Structure formats: structure tokens, C-alpha cells
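Following: one structure in C-alpha cells, then a few remarks.
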Amino acid sequence: MSWYSELGFKKNPLDIRPNPNLVGLEREEKRLLNHIRKEEICFLNGLTGSGKTSMLMRIQETLRGHKFIYLDAHELPKDFNLEKELISKRGFFDRITLRKFPKKKPVLIIDEFQSTDPNLVLEARANWENPVRRKLKAIVIAQISRYLKNVTPSFMERLGSRTVELRPLDEDEMKQILKTRLYCKKAGCNYIDKISDDALSFIVKCSGNNPRRLLEYADELFEFHHTKFADRNPMLKEDYMVSYHGAKEILGLEKVRVQGFEKLDEQEDKKRHENNKKKPNPKFSRAFDKNEKRVLKFIEKSPRTTQNIANRLNISESSAARILSELKQKKAIVYAGKKDRKKLWQISPATKRLMVRV
């Protein structure tokens with residue numbers, strides 16, 4: 001039995017293969033969809049493990065009414081023929097009306113574009129821009145490097161500035177990936193609760209905010225417990241939680257480089273320990289209830305949205321909005337701009353002073 005079967009999952013929720021259930025890349029997805037709908041050539045750029053291929057899967061699921069030709073340039077046979085591929089996309093009415101090519105023009109997606117034969121690139125462009133017999137609706141090219149080597153200057157001119165770059169996710173978004181993946185309907189629980197906040201922050205740092213590495217490292221934690229403890233797996237116990245030191249030891253055993261983050265975390269632990277020796281300001285304790293204090297502590301270091309707060313505190317967005325409304329009335333928080341069109345909130349200077357331990 002695998003670790004995920006033991007915990008009630010049908011398949012590995014931390015599978016690193018491309019998955020269309022993306023987190024935090026809504027703006028990039030919207031831009032990519034817009035280029036396709038406008039029938040343009042566009043370039044999707046992202047580092048290994050950033051969600052590039054997952055994004056390409058997602059747009060195919062989103063645009064159900066479109067036909068797609070997806071090509072992985074690493075796996076293309078030498079005798080690949082784009083015209084034959086176009087012909088194969090003909091629908092029923094195309095066939096009975098003896099159309100050679102589909103009336104509904106497909107969208108061509110070329111993943112790992114750096115490995116593409118330049119002749120295929122020229123053929124694809126010709127099928128997209130020919131005003132008389134245009135056979136492609138749009139072209140999406142994707143690769144890791146920002147520099148396109150195997151294209152002509154005229155192709156670059158056609159591409160213009162239509163580049164969608166997948167940005168690095170922040171810590172909250174990385175944690176949200178695990179929260180989304182680790183919810184088990186059968187068990188009625190979310191196994192992210194088995195990993196302490198400090199341990200989660202640590203594996204996010206170790207992963208370099210790379211989603212694929214994050215999934216790999218989280219998988220290592222669960223696999224270690226399953227292998228070491230067998231039918232006494234503590235992950236099945238209600239009150240068990242992987243600590244920061246436990247996560248560091250497990251990843252170290254699995255040859256993950258943890259030393260680069262050790263000093264920073266030890267310094268943070270030391271500061272936290274010294275700070276805990278001091279008593280909270282009694283004025284702060286009297287001014288806010290338990291939930292308000294939790295929100296204030298969460299947004300202490302950086303501004304957060306209502307959704308960020310709801311995810312961190314494991315409450316509904318309406319509950320988070322209610323707490324924020326009460327904090328605004330108390331002038332404990334102030335508006336801090338927007339992120340992805342959502343309002344950000346930060347602690348007011350007066351409340352920051354109240355939060356200093358004495």
C-alpha cells in the first residue's frame with residue numbers, strides 16, 4: 001500500500017506531473033486566453049516546474065469550443081507532417097462536405113519550443129498568416145528560456161511583445177497548492193494540517209518557491225512516515241503534526257539541500273524565543289479578540305488580501321471580511337493597494353506600536 005492509499009486518496013495528490021488545477025496564475029491565464037481569442041502568435045515563458053505545461057493543459061480545458069494541436073517538440077517523430085495533423089482535425093461535417101482542412105481552425109501549441117525544427121516553425125507561420133488559406137487560428141509557443149533561438153527576425157516581429165511570463169509564486173500561494181492538493185474527501189480532512197506552519201515555510205524556502213519541488217518535498221515527508229512507521233503511521237493520529245525540525249531532518253535524509261536555509265531559520269528561532277520572553281502589551285490584549293489578534297499577527301510582516309487571510313485561518317472569506325470590517329472600525333488596519341484586483345490590508349502604525357512586547 002502507498003502512503004496516499006493509506007491516508008484515503010485514490011491517487012497521489014502530490015504527483016508532480018502537469019496538472020491544470022493551478023494556483024495564483026489567474027492574470028497570466030487571462031492574458032494567454034486573450035491572445036488565443038484574438039487569433040495571435042504568443043509566447044509562454046516559465047522556468048522548469050513553474051507550471052508552464054500545466055497552464056497549456058488548463059487553456060485546452062477552458063476553451064472547450066476550440067480544437068487544439070498540442071506538440072511536445074522533444075517527442076516529435078522525424079517524419080511529422082503538420083498538414084496531415086491539420087487534416088486529422090476535420091470534423092464530421094468537414095468530411096461529408098469533402099473539405100480537405102477543418103473549417104474550425106485549430107490552435108497550434110508547441111511546447112519545449114527550443115527543440116523545434118525551424119522548418120516546422122516556418123510551416124506553422126505560413127498556415128497561420130496566409131490570407132487566402134489560413135488553416136490555424138492561433139499559435140502558442142512555450143519554452144524555459146526567454147530567448148528564442150530557432151526563429152527568423154520576421155517571426156520575432158510577428159510575435160512582438162505578446163509574451164506571457166509565469167511569475168514566481170509567493171509563500172501563501174505555495175501553501176495554497178498543498179492545501180488544494182491535500183484535502184481528502186474520503187477521510188474528511190486536509191492533511192496540510194499535519195504539517196506545522198514553520199515546517200511549511202521551511203519546505204517552501206527549500207523549494208525556492210518552485211511548485212514542482214514543493215510537491216516533491218511534501219511527498220518526501222509523507223513517504224518517510226509511511227515507510228518508517230508502517231501500520232503505526234503517526235499521520236493517521238488526530239493530534240500529530242510534523243515540526244520544523246522534523247521536516248528539516250527528513251529532507252536532509254533525502255539528500256535535499258537544507259544547509260542554505262539553516263542559519264536563517266536558526267536566527268529566526270532565536271529572535272522568536274527572545275521575543276516570547278517579553279510579555280504582550282496589555283493594551284493590545286484588551287483591544288482585540290482572539291480572531292482579530294490572529295489576523296493582525298498574520299498581516300504583521302506584509303499586506304494580505306481577504307482571500308489570503310481566509311486561507312491561512314481556514315475560515316470562509318465572508319468571516320475574514322467581517323473580522324477585517326471590525327478591525328477597520330477600530331482603525332487597526334489600513335488600505336495597502338491591490339494585488340490581482342483584490343484589496344490588500346496592512347496594520348496601522350498605531351496598532352504596530354501596540355503589538356510590541358514589553
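These figures come from a predicted structure and were not determined experimentally. The figures that follow rest on heavy atoms only: side chains count, while hydrogens, waters and symmetry mates do not.
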Hey, could you give me the [atom1]/[atom2] distance between [X] and [Y], rounded to the nearest 0.5 Å?
X: K293; Y: K297; atom1: NZ; atom2: NZ; value: 7.0 Å
X: E39; Y: K105; atom1: CD; atom2: NZ; value: 5.0 Å
X: C206; Y: K248; atom1: SG; atom2: NZ; value: 9.5 Å
X: L71; Y: L120; atom1: CG; atom2: CG; value: 6.5 Å
X: Q176; Y: R312; atom1: CD; atom2: CZ; value: 12.0 Å
X: L86; Y: L108; atom1: CG; atom2: CG; value: 8.0 Å

Checking side-chain contact (heavy atoms from CB on, under 4.5 Å) for the pair I333/K328: CA distance, chi angles, key distance, verdict?
CA-CA 6 Å; I333 57 173; K328 279 188 283 182; 3.7 Å; yes
Which heavy atom of [X] sits nearest to which heavy atom of [Y], and what is that distance?
X: A73; Y: I110; result: CB-CG2, 4.5 Å
X: R181; Y: P13; result: NH1-O, 2.7 Å
X: M57; Y: P20; result: CE-CD, 3.7 Å
X: L169; Y: I177; result: CD1-CD1, 3.6 Å
X: E29; Y: R58; result: OE1-NE, 2.9 Å
X: K179; Y: N190; result: O-ND2, 2.8 Å

Do [X] and [Y] have side-chain heavy atoms sitting under 4.5 Å apart?
X: K103; Y: T97; answer: no
X: R27; Y: R341; answer: no
X: W345; Y: V295; answer: no
X: F202; Y: L251; answer: yes
X: R125; Y: T152; answer: yes
X: M55; Y: S50; answer: no
X: L33; Y: I59; answer: yes
X: L148; Y: L159; answer: yes

Is there a path of hydrophobic side-chain contacts, each under 4.5 Å between heavy atoms, that joins [X] and [Y]?
X: L200; Y: L214; value: yes
X: L56; Y: L76; value: no
X: L14; Y: I195; value: yes
X: F68; Y: I141; value: no
X: M241; Y: F224; value: no

Between [X] and [Y], is there a side-chain N and carboxylate O pair less than 4.0 Å apart?
X: E26; Y: K30; value: no
X: K100; Y: E83; value: yes
X: E216; Y: R212; value: no
X: D197; Y: K175; value: no
X: R167; Y: E173; value: yes
X: D170; Y: K339; value: yes
X: K52; Y: D111; value: yes

Please walk me through it: do F80 and D117 pass side-chain contact (heavy atoms from CB on, under 4.5 Å)?
CA-CA 10 Å; F80 175 80; D117 184 338; over 6 Å; no
Around atom [atom1] of [X], are there more than 12 heavy atoms of other residues, nucleotides or ligands at under 6.0 Å?
X: E61; atom1: CD; value: yes
X: E85; atom1: CD; value: yes
X: R95; atom1: CZ; value: yes
X: K338; atom1: NZ; value: no
X: F93; atom1: CZ; value: no
X: R134; atom1: CZ; value: yes

Hey, is the main chain of [Y] close enough, under 3.5 Å, to the side chain of [X] for a donor-acceptor pair?
X: N127; Y: E123; answer: yes
X: T305; Y: L344; answer: no
X: K330; Y: A287; answer: yes
X: Y191; Y: L7; answer: yes
X: D289; Y: E292; answer: yes
X: S348; Y: A332; answer: yes
X: K343; Y: Y335; answer: no
X: N45; Y: E165; answer: no
X: R213; Y: G49; answer: no
X: Q143; Y: Q114; answer: yes

Take D172 and N311 through the side-chain contact (heavy atoms from CB on, under 4.5 Å) test and state the conclusion after the steps.
CA-CA 9 Å; D172 286 333; N311 291 337; over 6 Å; no
side-chain hydrogen bond (donor to acceptor under 3.5 Å, both in side chains) for S201 and D198? Distances and angles first, verdict last.
CA-CA 5 Å; S201 297; D198 284 346; 5.5 Å; no
Taking atom types as modelled, find out whether D219 and N12 have a side-chain donor-acceptor pair closer than 3.5 angstrom.
yes
Within 45° cone of F298 ring axis and under 6.0 Å: R304 NZ or CZ
yes
Show your reasoning for whether side-chain contact (heavy atoms from CB on, under 4.5 Å) applies to C42 and V164.
CA-CA 8 Å; C42 59; V164 179; 5.5 Å; no
Where does the angle between the aromatic ring planes of W3 and F222 fall among parallel (under 30°), tilted (30 to 60°) and perpendicular (over 60°)?
parallel
